Amino acid sequence: MKRLTGVALGATLIPPESEAELLARAARLTGQRLEDIAAAMQSPVPLDLRRAKGFAGQLFERALGATASSRAVPDFERLGIELKSLPVDRRGHPCESTFVCTISLREVGEVEWEQSRAFAKLRRVLWIPVEGERSIPPADRRVGTPLLWSPSAAEEAQLRADWDQLGTLIFAGRIEEITGHVGKYLQVRPKGKNASARRRYWDEDGAVTSTMPRGFYLRASFTARVLSAHFVLPYS
DNA sequence: TATTGATCATAT
DNA sequence: ATATGATCAATA
């Protein structure tokens with residue numbers, strides 16, 4: 001098994017300076033178990049993900065030299081590339097939806113798709129598939145083949161249509177009508193500490209009101225399409 | 001059993 | 001507070 005010496009030394013990694021460099025780093029993760037990567041970084045692996053839901057994504061960020069931390073910009077800011085771990089089943093099909101970004105209620109209606117945070121993160125994505133079945137302990141989950149991706153014209157058009165539809169509903173003050181059923185590829189779901197979390201904003205009448213924090217997510221049916229022409233798992 | 005709504009941890 | 005990293009778990 002190839003080791004990660006030179007990639008992950010435990011110290012802060014210098015950010016990749018090009019797409020090629022980033023892809024080369026990501027390629028070295030392929031076939032590794034999460035435990036192998038974590039060990040190279042001298043970092044522990046949780047026994048389950050119930051209290052470490054972001055473990056794989058954060059491990060990949062550190063292993064590849066991501067720079068964004070928790071700021072609302074793509075992970076590799078200079079390259080304009082967003083990093084997404086993608087849990088897949090044994091057939092390479094996504095297990096879960098993919099979080100894109102939180103929803104800024106004041107930004108809705110003020111910017112176009114091209115200026116949106118959603119587009120900034122989706123225009124170029126490094127997908128890193130990883131075994132995601134709950135029966136596999138996190139330590140043993142293996143990394144698949146990374147894919148550096150941009151939406152096709154048709155995909156982007158549908159993402160924009162969803163974003164427009166959802167944004168129009170929010171701007172019209174109908175946010176409470178939005179459920180996870182709305183949107184073909186992009187949906188809106190809660191994204192908060194819990195169901196009691198509130199986000200304050202000024203409604204269209206200028207009155208202060210509040211609602212649950214929400215985020216944009218990509219449906220698993222969309223990420224399945226993204227991976228459809230891609231050889232995900234380098235093992236059987 | 002696929003999907004929606006709820007939830008957990010960390011950074012700034 | 002609100003952004004990031006997501007997966008869990010109840011529901012349809």
Side-chain angles (χ1 to χ4, degrees), chain A residues 12 15 29 34 37-38 41 43-77 81-91 93-108 116-118 120-122 125-139 141 143 162 166 175-202 208-225:
Chain A
T12 302
L29 303 181
L34 296 184
I37 300 168
M41 308 189 64
S43 120
V45 181
L47 291 175
D48 67 72
L49 298 185
R50 281 179 300 183
R51 294 188 172 267
K53 296 179 179 178
F55 171 72
Q58 288 159 348
L59 183 67
F60 295 158
E61 284 184 343
R62 287 183 287 136
L64 297 175
T67 57
S69 186
S70 63
R71 291 174 301 125
V73 295
D75 292 291
F76 300 93
E77 193 171 7
I81 297 174
E82 175 70 11
L83 173 64
K84 288 292 178 202
S85 64
L86 185 57
V88 296
D89 64 21
R90 66 195 64 206
R91 298 163 21 230
H93 191 104
C95 300
E96 287 286 349
S97 58
T98 298
F99 172 69
V100 177
C101 61
T102 51
I103 296 177
S104 165
L105 294 172
R106 61 179 312 169
E107 181 183 291
V108 168
S116 70
R117 288 187 297 152
K121 297 205 170 185
L122 294 176
V125 180
L126 178 64
W127 300 100
I128 301 189
V130 58
E131 288 178 323
E133 291 182 353
R134 294 182 193 185
S135 59
I136 309 175
R141 296 187 185 186
V143 177
D162 290 340
L166 292 161
I175 191 168
E176 303 299 344
E177 296 176 36
I178 299 177
T179 70
H181 298 279
V182 182
K184 181 176 180 183
Y185 291 157
L186 201 62
Q187 64 180 172
V188 167
R189 304 221 309 277
K191 179 57 172 166
K193 179 164 179 50
N194 53 51
S196 304
R198 307 311 287 179
R199 160 145 258 198
R200 298 178 73 184
Y201 66 102
W202 290 272
V208 174
T209 179
S210 73
T211 189
M212 179 183 301
R214 292 168 172 85
F216 288 114
Y217 294 77
L218 294 174
R219 294 181 177 281
S221 57
F222 180 74
T223 50
R225 288 179 48 118

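Hydrogens, waters and symmetry mates play no part in the numbers below; they use all other heavy atoms, side chains included. Bear in mind the structure is a predicted one, so any value in this text is a computation, not a measurement. Proteins get letters first, then strands, A, B, ... in listed order; numbering begins at 1 in each.
- B:dT3 atom C1' lies 18 Å from atom NZ of A:Lys184, rounded to whole Å.
- A:Glu82 has its CD atom 8 Å from the P atom of C:dA6, to the nearest Å.
- Residue contacts shown for A:Ser85 are limited to sugar-phosphate atoms, with no base heavy atom under 4.0 Å away.
- Here A:Arg134 lies in heavy-atom contact (under 4.0 Å) with a base.
- Among the protein residues, A:Pro87 comes within range of the sugar-phosphate backbone only, with heavy atoms under 4.0 Å from sugar or phosphate atoms but none that close to a base.
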**Step-by-step side-chain contact (heavy atoms from CB on, under 4.5 Å) determination, A:Arg141 to A:Leu49** = CA-CA 12 Å; A:Arg141 296 187 185 186; A:Leu49 298 185; 3.6 Å; yes
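- In this structure, A:Gln187 contributes its side chain and A:Val182 its backbone to no donor-acceptor pair below 3.5 Å.
- The closest side-chain donor-acceptor pair between A:Thr211 and A:Glu176 falls under 3.5 angstrom.
- Counting to the nearest Å, the P atom of C:dT4 and the CG atom of A:Leu83 are 14 Å from each other.
- Residue A:Arg117 is in sugar-phosphate contact alone, with no base atom involved, counting any heavy-atom pair closer than 4.0 Å across all strands shown.
- Judged by distance alone, with hydrogens and angles left aside, the side-chain atoms of A:Thr67 form a donor-acceptor pair with the main-chain N or O of A:Asp75 at under 3.5 Å.
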**Complete:** Once base and sugar-phosphate atoms are separated, protein heavy atoms under 4.0 Å mark nucleotides 4-12 of chain B, 5' to 3', with B, S and - as BBBBBS-BS
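- Remark: A:Glu133 does not engage A:Arg91 in a salt bridge, criterion side-chain N to carboxylate O under 4.0 Å.
- Classification of the A:Phe99-A:Tyr217 ring pair by plane angle, with boundaries at 30° and 60°, yields perpendicular.
- Mapping A:Leu49 and A:Lys121 onto DNA chain C by nearest heavy atom places A:Lys121 closer to the 5' end of the strand.
- Closest to the A:Arg199 side chain, of the nucleotides C:dT7, C:dA3, C:dA6, is C:dA3.
- One interatomic measurement links the two molecules: CG of A:Asp75 to C1' of C:dA3, which rounds to 12 Å at whole-angstrom precision.
- With rounding to whole Å, A:Ile103 atom CD1 is found 14 Å from C:dT2 atom C1'.
- With A:Arg62 contributing its side chain and A:Met41 its backbone, the two residues share no donor-acceptor pair below 3.5 Å.
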